[in-house]
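Sequence lines set the chain letters: A, B, ... in the order given, protein chains first and strands last, and positions in each chain run from 1.
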Amino acid sequence: MVVELVPQYVPYFFQSMYTPALYGGLIVAFIALIGIAIQKKDIHILILTDLVGLAMLIVVAAVGTDLAEALVLPGLVVELAEIMAISEILISREMRKIGPKKSFMPSEMTLDMEIMTTAPNFIALVLIAYGAFLTGFTGGAVAGGGIILYALSRKARGLPIFVIDGVGGISGIAWCLWIIGFVLFFAVPQYWLLSLFLAALGLFLKVASKMGLIGILMREEFNKK
Amino acid sequence: MLNLTLWFYAGLLLAIFGSIATVWGPGVEDPVVRTINTEVAGIGVSLILLTYNYTLALLTLTATTVVCTLILLRAITRLEEIGADV
């Protein structure tokens, strides 16, 4: 039935998988939404939202062309930012609800593993180099993973506030690069390669620096000494 | 044995069973268990993306899943520390 809507240049193999993929995605979404409906606690609902995102991925992937891949990438990164924001809101709301009786400072927690003192330099270097090679959303996510690993496992604490401001500034400039690239793409189409690289490197810097901030946040949280 | 359809349906089944395990599985009252059960469905989606040849999407999914799990675990431990009902 729905198979007629798929363009003709999609391989027959992907076309034959369209209906099962669509129904599978809808089943996963249905199960996750039932779970959200019967759940009372906020943090459980947040975890189940992750599952709805996975169902969205299956439905989008069923299209079977490059368009699907182009839609999956920003979907994933936006979902990440959304989960981060909602978890922060949840924490601050619970703090407000419980009131000032409790200590808001997180308690000490030692995360002392041998691999976290020897491996991070090399693994972070490889991940950042590979991310810079990939560029765009994917490169930002991969390089950001490397920065998170490095920031989480290094012992040095107490990052000065201007470093955090600086990372935010890099992120803003990268956003401007992306917008300039996008405008140039329509204004002077003959420089398409320049605008493509402006957009790709802007997105790479933006996503990677945002994830680096997550890594610093985590270290403040878990690596208390 | 290397029929692509097999991997596609394996991914679909993993995604469905993983979501059932996340919603009604044993011990999901603990939010940490629920978060880890989500990974089963994530592996299923990875298999589906692999069948469709979406290399970049697969890489991004792997990277963001790791970060998502970190963020959720941080939120859970923080909520338990301040004594909220999780």
Under 4.5 Å from any heavy atom of chain A - which part of [X]:
| X | value |
| --- | --- |
| L4(B) | both |
| L49(B) | side chain |
| I20(B) | both |
| L12(B) | side chain |

Given heavy-atom pairs under 4.5 angstrom as the criterion, report whether the side chain, backbone, both or neither of [X] touches chain B.
| X | result |
| --- | --- |
| L76(A) | both |
| I148(A) | side chain |
| A21(A) | both |
| I91(A) | both |

>> My understanding is that only one of T64(B), I71(B), V67(B) makes a side chain to side chain contact (heavy atoms under 4.5 Å, CB included) with I83(A); could you say which?
In response: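 It is I71(B), the one option of T64(B), I71(B), V67(B) that forms the side chain to side chain contact (heavy atoms under 4.5 Å, CB included) with I83(A).
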
>> Which residue is it: T65(B), L72(B), T35(B), T69(B)? I am looking for the one with a side chain to side chain contact (heavy atoms under 4.5 Å, CB included) to D50(A).
In response: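 It is L72(B), the one option of T65(B), L72(B), T35(B), T69(B) that forms the side chain to side chain contact (heavy atoms under 4.5 Å, CB included) with D50(A).
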
> side-chain contact (heavy atoms from CB on, under 4.5 Å) between W24(B) and I38(A): does it pass, once the steps are laid out?
Replying inline: CA-CA 11 Å; W24(B) 292 292; I38(A) 63 176; 3.8 Å; yes

>> Looking at Y54(B) and G64(A), would you say the former's side chain and the latter's main chain have a donor-acceptor pair under 3.5 Å?
In response: yes

> Out of V23(B), T60(B), V45(B), N53(B), which one racks up the most heavy-atom pairs below 4.5 Å with chain A?
Replying inline: T60(B)

>> What I want to find out is whether E88(A) reaches R78(B) closely enough, with some N-O distance under 4.0 Å, to be called a salt bridge.
In response: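 Not counted as a salt bridge, because no side-chain N and carboxylate O are separated by less than 4.0 Å.
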
